[in-house]
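The figures here come from the full heavy-atom set of this structure, side chains too, leaving out hydrogens, waters and symmetry mates. Protein chains get the first letters and strands the later ones, always in sequence-line order, with residue 1 at the start of each. Everything quoted here is computed from the prediction, not taken from an experiment.
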Number of protein chains: 2
Amino acid sequence: MGVTIYEVAREAGVSPSTVSNLLNGRSGRMLPETRARVEAAIRRLGYRPNRAARQLRNGRVQVIGLVVPSVANPFWGAFARHVEGAALTQGYHVLLCNSERDPDRERGYLEELWDDGVTGVILCTSLPSLTHVLPLVKRGLKLVTFDRTAQAGDPAGLTNISVDNVVGAQLATEHLLSLGHRRLGFISGALGSVNRKERYDGFRAALVAAGLDPDDAVVWSEAYEDTFGDLDAAGLGRAAAREILTGANPPTGIVAINDMCALGVYAGARDAGRRVGTDVSVVGFDDIVLADLVDPALTTVRQPLADMASTAFDNLRSRLESPATGPGHSLLIRPELVTRSSTTPPV
Amino acid sequence: MGVTIYEVAREAGVSPSTVSNLLNGRSGRMLPETRARVEAAIRRLGYRPNRAARQLRNGRVQVIGLVVPSVANPFWGAFARHVEGAALTQGYHVLLCNSERDPDRERGYLEELWDDGVTGVILCTSLPSLTHVLPLVKRGLKLVTFDRTAQAGDPAGLTNISVDNVVGAQLATEHLLSLGHRRLGFISGALGSVNRKERYDGFRAALVAAGLDPDDAVVWSEAYEDTFGDLDAAGLGRAAAREILTGANPPTGIVAINDMCALGVYAGARDAGRRVGTDVSVVGFDDIVLADLVDPALTTVRQPLADMASTAFDNLRSRLESPATGPGHSLLIRPELVTRSSTTPPV
DNA sequence: ATGAAAGCGCTAACAT
DNA sequence: ATGTTAGCGCTTTCAT
């Protein structure tokens, strides 16, 4: 197929090892003259090293895996783009996988990636238990989890990167409270995932701190039957809002589990004949690009996505490139509230 | 590292070639008894073939490249997800690259992918010329372009898959015309890419067919300076709509180059004190998930994305797996108009 | 029906 | 300072 290191060696009148030495930054032990000759040969022949051979020999590739619930979701799309950007600057490529939040798919992907020689993966999951990927971690897979805080029973040597969901949800809820809302709603998918649970905890904590009974809040958390999947956070928000707002004693302020869900709430409110920002206030979570585009512009809890993505990549890379395992750690990023027009005092 | 084929062979009391034969579907020439023994050994040892070794030997990998402008854009995110889904069913993986519509990045990625042993790529580009990737194609890279129709001077053996942009834009424009609009606007990024140009042509064709002078239309196509990039189609739509709608003799109906741009137009209209679906009608292109979620729901030209994605993958795979090159061809998909609430008769 | 052996392209001891 | 060489794990003729 392509030009091999032997042909370069012959062209330059040296041995393959000299070419290899140059290629691997060991040009110090080489006559400048020789070096120039080899470099010229490489250029003349348009030589490019065969990665498969390199990988077979060295056991590693400059590729990381990225497992997200679904890139069709703008939040994950944006995250993927940032990860890819960070990887690119370090000469790494990104293998993309959509898990649909299915543990079996997560595990299956990690195994496939491992077979591909990929030894580092950023796994975006919020599953409370990581037992399904434990065998891989034991074999040496370096894992950075994103969107999931450390849990008891996690394997050692793991890095977790997540926004502080409790604080974020508190900020959102306190904002509604400070506007004068007293009857609040919380709309989410099933609370089985740790980040949703944490956001819910933050929501309740804020209510308690304000002297309210959190059990009076209207909570819509899709039951075990996963009708909507992750893809359709918007569909879920829409159905939930429609039901809640047409029910008895509807809330005047709603905390949505994330921005896509909040956009669904917009639609559901419309279906129910209410207007967001007037009849009902809505706060989201994430601050996706669309949040500032919709009408009314969405008040939301911002995740510093670009920073988090490059932190995740950098951490993974350093663990990939340095032999030391380290104890692993958790990074909890503090989010901030971005106030826009979807939240107003109650009528 | 892992278990090798030699260990399996020893465990089963056979030679490596027998194991390899089994692995490669040549189990017919084998005593059922032997076969069972090998299979048991594989299972017992948890053997998984080393892909790098396989690739080095065979020269191919079950990986395709996917180059999109940016997965942060929901349209491309959705497309990427569909491609990955199609690939998965055939045991292929997808290496994701964001080109930002930069020819240098496109070329750079293709070269990197080639070095990785990836010989098939779905390239989402609308660049009129493909000269920057020609060297790779000559070396044997199989290319399927998406979102770009065949152009004169294209290398042979190329498959192009695209929606019929001319027809799509015509449908959009005719719809506005049939509603009674006479003063129309067209909002787009620079018309340097073939799909934008085609949509613009369709827009003009519909105007001409209706007996209108297309030069009377208000056309906003961002000049050479790329202030917004592809990422920010929405920002562009917003700025354009704001300017156009506050200018003299504003249009009553607007065709936006795509849905993200249309959502920007919504915001720009709002900035200008107009309401979409009442004061001004807007048609988009793509039918992303959000189109049905926003207020008013967006009338748009639907691209059958899932079908197009699997067609693109299937075509690439068949060219990858069969030695014949074939003449290459273009697939022009006919889009359909989805009428929603953003378009109404002019006031 | 099964095995032996060469070699894919590269790297790193280990020579010289 | 540079060259020789032995594999990394797999597949595939070519033997047996």
Closest-nucleotide 5' rank along DNA chain D - winner of Arg37(A) and Tyr6(A): Arg37(A)
Candidate nucleotides [options], ranked by approach to the side chain of [X] - the nearest:
| X | options | value |
| --- | --- | --- |
| Thr34(A) | dT2(D), dT11(C), dC10(D) | dT2(D) |
| Leu31(B) | dA1(C), dA12(C), dA4(C) | dA1(C) |
| Leu23(A) | dG9(C), dG3(C), dT11(C) | dT11(C) |
| Ser20(A) | dT11(C), dG3(D), dT11(D) | dT11(C) |

Test applied, ring pair (Phe, Tyr, Trp, His ring centres under 6.0 Å); reference residue, Phe313(A); option that passes from Tyr92(A), Phe79(A), Phe146(A): Tyr92(A)
Can you tell me if [X] and [Y] form a side-chain donor-acceptor pair at under 3.5 Å?
| X | Y | value |
| --- | --- | --- |
| Asn98(A) | Ser70(A) | no |
| Thr149(B) | Asn160(B) | no |
| Thr159(B) | Arg319(B) | yes |
| Gln151(A) | Ser129(A) | no |

Given DNA chain C, 5'-ward residue of the pair Pro16(B) and Arg54(A), judged by closest heavy atom: Pro16(B)
Upstream residue (5' side of DNA chain C) when Gly13(B) and Ala53(A) are each assigned their closest nucleotide: Gly13(B)
Give one of base, sugar-phosphate or nothing for [X], where a contact means two heavy atoms less than 4.0 Å apart.
| X | answer |
| --- | --- |
| Arg35(A) | nothing |
| Leu56(A) | base |
| Ser17(B) | base |
| Thr4(A) | sugar-phosphate |

Distance in Å, Leu320(B) CG paired with Gln62(B) CD, rounded so as to fall on 0.5 Å steps: 8.5 Å
Sidechain-backbone polar pair: Gln55(A) side chain, Asp116(A) backbone, donor-acceptor under 3.5 Å: yes
Estimated bend of the helix from dA1(C)-dT16(D) to dT16(C)-dA1(D) (axis per five terminal pairs, rounded to 10 degrees): 40°
Just the rounded figure in Å: distance from [atom2] of [N] to [atom1] of [X].
| X | N | atom1 | atom2 | result |
| --- | --- | --- | --- | --- |
| Ile5(A) | dA12(C) | CD1 | C1' | 12 Å |
| Gln55(B) | dG9(D) | CD | P | 16 Å |
| Arg57(B) | dT11(D) | CZ | C1' | 4 Å |
| Asp115(A) | dC10(D) | CG | P | 11 Å |
| Arg51(B) | dG9(D) | CZ | C1' | 14 Å |
| Asn21(B) | dA1(C) | CG | C1' | 10 Å |
| Asn24(A) | dA13(C) | CG | P | 12 Å |
| Arg26(B) | dT13(D) | CZ | C1' | 11 Å |

Using distance only, find each side-chain donor-acceptor pair of residues 19-26 of chain B under 3.5 Å and give its atom names and separation, not counting sequence neighbours.
{"from": "Asn21(B)", "atom 1": "OD1", "to": "Arg26(B)", "atom 2": "NE", "distance (Å)": "3.0"}
{"from": "Asn21(B)", "atom 1": "ND2", "to": "Ser17(B)", "atom 2": "O", "distance (Å)": "3.3"}

